[in-house]
Each structure stands twice: as structure tokens, then as C-alpha cells.
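Notes follow once the structure below has been shown.
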2 protein chains.
Amino acid sequence: MRKIAESTVRRLSLYLRFLEEFEAEGVETVSSEALAHRGGTTAAQVRKDLSFFGSFGKRGLGYSVPELTQALRDILGLGRRYEIVVVGAGKIGSALAQFRGFAERGFHVEWVYDSDPAKIGADWNGMTVRDVRELDADLASAPADIAILVTPADVAQPIADRLVRAGIKAILNFAPVQLAVPEDVAVKNVSMALELETLSYALRNR
Amino acid sequence: MRKIAESTVRRLSLYLRFLEEFEAEGVETVSSEALAHRGGTTAAQVRKDLSFFGSFGKRGLGYSVPELTQALRDILGLGRRYEIVVVGAGKIGSALAQFRGFAERGFHVEWVYDSDPAKIGADWNGMTVRDVRELDADLASAPADIAILVTPADVAQPIADRLVRAGIKAILNFAPVQLAVPEDVAVKNVSMALELETLSYALRNR
DNA sequence: GGATGTGAATGTCTTCACAGCT
DNA sequence: AGCTGTGAAGACATTCACATCC
């Protein structure tokens, strides 16, 4: 399949959220125009984004909400359950591990790790914080799909190496480090400070 | 000034982080090549990004680390202190309000708001959670620069309206809603679920 | 009639390649 | 000689506009 732009994938993800809202409202059919309006983009953009993956609408009518919802779930790979490990049990790791929005979308946090003896053994909503030394053995017996890395900068790379060796193919990285990983491993960097800096830039002349 | 692409601004923010690392390591001069290598981009990209704002290097030599650091801080508007309000004292709001990485970069969380009586009055590292009903009055007497919105979806828009009326010009929005705001207000949406979905998409055929 | 799906046109971003300065 | 700064070329993304089908 042709390579798809990241911006397109992000929009598909957004469309899916809107479709779920429409579904909850009992709407059965939407036009590209309606989807675009809710998402702050254009109707042509919506149709183009979808066209990379097939044709899901009916001319003259629009898109069936349940059908397009299902199609987008398939495209995004959301038809299954994902096992997540969180490495780093600080404030952000803790918040993410317990975030309800994940489970709703099939992302299940099974394990949380830390190296701090004060945190190991702590119970969070039925999840137990484990010693990071167990990480490799745990992953060997129960593989995970995605790792969320929320460690200090200096240990992020060595942990990433261990995750990769354990077969993890996707990492959501909160550590302020550019991780080096094999090219078949997907890394998504998230930085709150960087987001604030884009806002600070936007504020320059106001 | 010409309009600058968001992707450029994000990279400048990254370069700044790397420059601070170089500075800590005692490096005095860097080439575009060195910066690019650490940031996973190309030397030409680094030079082009900088060229929108001026010329900061010396041909044949590279860039002075302290000078370029300062230039980037100025460009990004980081030469000042920013006052932040956090609305929503859930797990994520709490983690963000106490995140040390913010203060290091001049972003100071002064106030945290919630509507839950069980949370109001709680003390977090010297920060007190206040009743969200006080929000408007507080902002009238002590304006803030940036708001971080971490509320449930259904109250996000009304809160955003109040923030806008109080003069806030930048919002970091964690609520899964497309906010409607006047065009002189900058909004940056952050969605952990969406980030995971781009990873899930990347995992499709692996 | 009405809304999709899609080539073609336009616009934006990235990469190239080299002149110009140190 | 070495590395920047930058037009020009190329790649990529968005928008337009219309033929196509329900």
C-alpha cells in the first residue's frame, strides 16, 4: 500500500471520534461536509483522506455512519486489543496508566514499572507497580504491543534498547531524548514543554 | 513577518533543547550537520529553518552555541515568564501542574481549578486547588498568559469561552473537543489516545 | 439533484547544490 | 578548505472543479 502521510492518519483518527459522536446522537448518514465542519477542515480534504483507502460513501447521499466508523477502525488497526506497558511511575506515568480514555479504545495498560523502591509494589486501581528489573522477563512471558516511556532522560535510551530487544514495535516517548531504534520500530515523541513553546511562539506579537 | 510553518517552530524548539545539552557539555560551536544529526533531520533543513529569522552562523565555522541558544529563545518568545492556569484537577491536570519541566522553561503554573468540592482546597506542592467559580474573578485581578484545559468534554467549550472573555490568548487543550475560539486565540490540541492511534496504525502490518 | 471520488492545479515544505564568506 | 545562507528544483499536501453515480 502507498505510503500515507502522518497528517492524514491523524485526521482519520479525528474523523473516527466525530463519527462515534454522530453515532451516539443517532445520526445515520453524514456528508464529507458535515465531518469537515466538525473537524475544522474541508470537505475535499475528508474525501481525499478517505480515498487513499477505498470508497466508503454513496454519491448523492454521503457516508453511512456505522459503516464508515467500522472502516476507519479497520484502517487504523483498532479492531483488536493492545497490551501496553508503562515504564516510569512518576506523576505523568501514573496519570497515563490510569487514564480511562485508553481502555475505551482498546489500549490496555497491563504493567507499570519503576526503579524506585518506594513506588514498587504500590497498587493503582488494581495495577501493581513492578520493579523495572522484571521488565525483560515479564515481556518474555507476556509480550506487549506498545510501550509508553515516561522515564528521566538519562535512562530512556537503555530502557528503549531493552524494550526493542523484547520485541516491542511501538514506543510513545515522553522522555526528552531522540531515541535511536531500528527502523521497524515506530516511535512517537510527546513533549508538553514543546507544545507550550509553540504557544509561546504564537503569543509573540499579541 | 512571513508566516512560519508549525513544523519549523517545533524543530526550532528541538534545536534549542539540543543546544542546551551542548552548552552543558561545554561545546562552544556546532555545525548545522551536528544539530541535524542529534535531531534526526538534515543539515539543509536546520539552515533553512534558521534562515527564516536571520543569519546566526559563521561560514566555515558553524554556530556559536550560546549565541544561537539566545537567538532561539528570543525567536520562540522564551525571554519572559509565562503565567499558566490549569483548569481541571484530575490525574492529568495534577501531573501537569506539578511537572518540573515547565518551570525550567519559564512556564509557571500559578492556579489550578476544579469544580469538585472534594478537590477544592487541596494543596499540591504549595499550589492550592481553587473553585472554578473563582476563575473569572481571579483572572480579572491577575491575568494569565496560557490556559491548560484538562476538563471533561462537555464543559470544555463553556470554560474556553470564559477563558477567552478573561483575555487568555493561548490554550493547550486536552479535552477531546474541537474548541471554537476567536482567531486571535491560539489553541493547541493534545490527545494521548490519538497518539496511540497513530502507533496502532503504524503497527498494522508488523 | 446531490454528494462522492479523483485527476489536475495550486500551494507548501523539503532537499539540492553552489555561490559567498571566514 | 569548510560551512553557512539561499535561490531553484523537487517532493509532498491541499484545494479545485467536475465527471460520475446513486
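Lettering follows sequence order; numbering is per chain, from 1. Basis for what follows: all heavy atoms, side chains included, without hydrogens, waters or symmetry-related copies.
Nearest heavy atoms, B/L61 versus B/T29: O-CG2, 3.5 Å. Smallest separation of non-hydrogen atoms from A/R47 and A/S32: NH1-OG, 3.1 Å.
The phosphate of D/dT4 (OP1 or OP2) has a side-chain N or O of B/S32 nearer than 4.0 angstrom. A sub-4.0 Å separation between OP1 or OP2 of D/dA13 and a side-chain N or O of A/Q45 is absent. Remark: B/R11 is in phosphate contact with C/dT14, judged by side-chain N or O atoms under 4.0 Å from OP1 or OP2. Under 4.0 angstrom from either OP1 or OP2 of D/dA13 there lies no side-chain N or O belonging to A/S7.
The aromatic ring centroids of A/F107 and A/Y82 lie less than 6.0 Å from each other.
Closest to the side chain of B/K48, from the set D/dA8, D/dC3, C/dG7, is D/dA8. For B/S55, the listed nucleotide lying nearest its side chain is D/dG5; candidates were D/dG5, C/dA3, C/dT6.
We find that CD of B/E6 is positioned 12 Å from P of C/dT14, with the value rounded to whole Å. Taking atom OH of B/Y63 as the reference point, atom P of C/dC21 lies 16 Å away to the nearest angstrom. Atom NE2 of B/H37 and atom P of D/dC3 are 15 Å apart (whole Å). Summarising the geometry, the separation between NZ on A/K3 and P on C/dT14 is reported as 12 Å, rounded to the nearest angstrom. Protein atom CG of A/D49 is 7 Å distant from nucleotide atom P of D/dT14, rounded to whole Å. Going from atom CZ of A/F56 over to atom P of C/dT6 covers 11 Å, rounded to whole Å. A/L50 places its CG atom 15 Å from the P atom of D/dT15, with the value rounded to the nearest Å. Separating the OH atom of A/Y15 from the P atom of C/dT4 is a distance of 12 Å, rounded to the nearest angstrom.
Map A/A44 and A/G62 each onto its nearest nucleotide of DNA chain C; the residue landing nearer the 5' end is A/G62. Residue whose closest nucleotide on DNA chain D sits further toward the 5' end, between A/L61 and A/A5: A/A5.
Counting only distance, with no hydrogens or angles, the side chain of B/D136 and the backbone of B/A140 share no donor-acceptor pair below 3.5 Å.
Remark: the B/R59 side chain and the D/dG2 base include no donor-acceptor N/O pair separated by less than 3.5 Å.
For residues 16-39 of chain A, no pair satisfies ring pair (Phe, Tyr, Trp, His ring centres under 6.0 Å), with sequence neighbours left out.
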